[in-house]
Amino acid sequence: MVPLSYYLVLSAILFGLGAAGFILKRNILAMLMSVELMLNAVNLTFVTLSYSFRQLDGQVFALLIMVVAAAEASVGLAIVIAVSRNRRTLNANEMTNTKL
Amino acid sequence: MYSTLFFIFAGCAVGFAVNLLIQRNPIYSALSLIGAMSSLASLYVMLGAEFVAVVQVIIYGGAIVVLSVFVLLLNRSEPSRIERSRLVGQVGPPLIVMLLGLFVTVVYREFPEDAMARGGDYLGQTAGLGLRVFLTHLLPFEVTSILILIAVIGAVVLGRGEA
């Protein structure tokens, strides 16, 4: 059987990759995908600990996180559409409206 | 067996996540995201969370990523030139077949054959999960329905154009 810590380390790695992608990527769609990756890493932690403690609450939380992720994706993509309609670009570096 | 499968799926997940980072074209990032989600779904099955795995594939792989790709294709500001890579064309399909085969293997190893056949009155993990959702965590479940409603209204208002 795989030790529990392996799953947690994998989850941490995925979360770190998602965070790095959110910081490093220029395209706002790619940034949204990185956020999804981070949410998935958290889900893996929940499911792992649910398995470890033999309690189903962790899986319930994972499902609720998926609902939140779906809502976030729908609103976020609507914002992306509005931004691309107004600004003609998806590059986050070119959106400097509030820059002094 | 289990540790081998874990390392394969974990390697797939990390590899797809790294590929999501290093790809310049967001289309490839979205496809890598599908791969990472599927690998994580396999890990969920190995952890005995089969319902979460199925929901993962349906919602993430089937809805969220497809929605992202649609938005990506709607956005015409950037030239969507697909540069073909021969390595991906040659290595990709066998890798996908291997991934799916491993997923099926995990499912067949995790569940005995009769557990798959008797669906109805078999009080498995999914039944317990449903009881837990609708008895213990009923209020958060209802709150998520309101959240979904707000998200739908917000998406419609935002996507409607000049309001």
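Chain identifiers are assigned alphabetically (A, B, ...) following the order of the sequence lines, protein sequences preceding nucleic acid strands; residue numbering begins at 1 within each chain. Treat the numbers as computed from the prediction; the structure is a model and nothing was measured.
The distance from atom OG of Ser34(A) to atom CG of Leu33(B), rounded to the nearest 0.5 Å, is 8.5 Å. With rounding to the nearest 0.5 angstrom, the CZ atom of Phe51(B) is 12.0 Å from the CG atom of Leu56(A). For the atom pair CG (Leu72(B)) and OG (Ser84(A)), the distance works out to 10.0 Å, reported to the nearest 0.5 Å. Rounding to the nearest 0.5 angstrom, the gap separating the OG atom in Ser39(B) from the CG atom in Asn40(A) is 10.5 Å. Atom CD1 of residue Ile81(A) and atom CZ of residue Arg160(B) lie 14.5 Å apart, to the nearest 0.5 angstrom. We find the NE2-CG distance between His137(B) and Leu64(A) to be 8.0 Å, quoted to the nearest 0.5 Å.
For Leu67(B), the parts lying under 4.5 angstrom from a heavy atom of chain A are both the backbone and the side chain. For Leu17(A), the parts lying near chain B are the backbone and the side chain together; criterion is any non-hydrogen pair under 4.5 Å. Both the backbone and the side chain of Val18(B) come within contact range of chain A, judged by heavy atoms closer than 4.5 Å. Proximity to chain B is limited to the side chain of Phe61(A), based on heavy atoms less than 4.5 angstrom apart. The contact between Leu29(A) and chain B is made entirely by side chain atoms (from C-beta outward), counting heavy-atom distances below 4.5 Å. Ala71(A) touches chain B through backbone and side chain together, each having a heavy atom under 4.5 Å away. Contacts of Ile79(A) with chain B are made by both backbone and side-chain atoms, with heavy-atom separations under 4.5 Å. Within the 4.5 angstrom heavy-atom criterion, no atom of Phe70(B) approaches chain A. Neither the backbone nor the side chain of Ala63(B) comes within less than 4.5 Å of any heavy atom of chain A. When heavy atoms are compared at a cutoff of 4.5 Å, Leu20(B) approaches chain A by way of both its backbone and its side chain.
Considering only heavy-atom pairs separated by less than 4.5 Å from chain A, the leading option among Ile59(B), Leu40(B), Val152(B), Ile22(B) is Leu40(B). Looking only at heavy-atom pairs under 4.5 Å with chain A, the residue among Ala151(B), Pro140(B), Ala13(B) that has the most is Ala151(B).
Taking each heavy atom of Ser68(B) and Leu77(A) in turn, the nearest pair found is N-CD1, 3.7 Å. Annotation for Asn27(A) and Pro26(B): closest pair ND2-CG, 3.2 Å, computed over non-hydrogen atoms. The minimum heavy-atom distance between Arg85(A) and Leu158(B), with the atom names listed, is NH1-O, 4.5 Å. Nearest heavy-atom pair across Tyr44(B) and Asn43(A) is OH-CB, 3.1 Å. Here the closest non-hydrogen pair linking Tyr51(A) and Leu47(B) is CD1-O, 2.9 Å. Across all their heavy atoms, Leu21(B) and Lys25(A) have their closest contact at O-NZ, 3.1 Å.
Hydrophobic cluster membership is shared by Phe15(A) and Tyr6(A), with clusters built from Ile, Leu, Val, Met, Phe, Trp and Tyr side chains linked at under 4.5 angstrom. Under a hydrophobic clustering in which Ile, Leu, Val, Met, Phe, Trp and Tyr are joined whenever their side-chain heavy atoms come within less than 4.5 Å, directly or via other members, Val35(A) and Val68(A) fall into different clusters. Hydrophobic clustering, with ILVMFWY side chains joined whenever heavy atoms are under 4.5 angstrom apart, keeps Val143(B) apart from Leu149(B). Put simply, Val83(A) and Leu73(B) are part of the same group of oily side chains (I, L, V, M, F, W, Y) that touch within less than 4.5 Å, one to the next. Hydrophobic cluster membership differs between Phe22(A) and Leu24(A), with clusters built from Ile, Leu, Val, Met, Phe, Trp and Tyr side chains linked at under 4.5 angstrom.
With sequence neighbours excluded, the residues satisfying salt bridge (charged side-chain N to carboxylate O under 4.0 Å, His left out) with Arg132(B) are Asp57(A). Scanning for ring-ring contact (aromatic ring centres under 6.0 Å, His included) contacts around Phe141(B) gives Phe134(B), with sequence neighbours left out.
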**Request:** Give the intermediate values and the outcome of side-chain contact (heavy atoms from CB on, under 4.5 Å) for residues Met66(A) and Val52(B).
**Result:** CA-CA 9 Å; Met66(A) 283 185 195; Val52(B) 179; 3.7 Å; yes
**Request:** For the pair Leu43(B) and Leu10(A), evaluate side-chain contact (heavy atoms from CB on, under 4.5 Å) and give the outcome as yes or no after the intermediate values.
**Result:** CA-CA 11 Å; Leu43(B) 288 175; Leu10(A) 171 67; 3.3 Å; yes
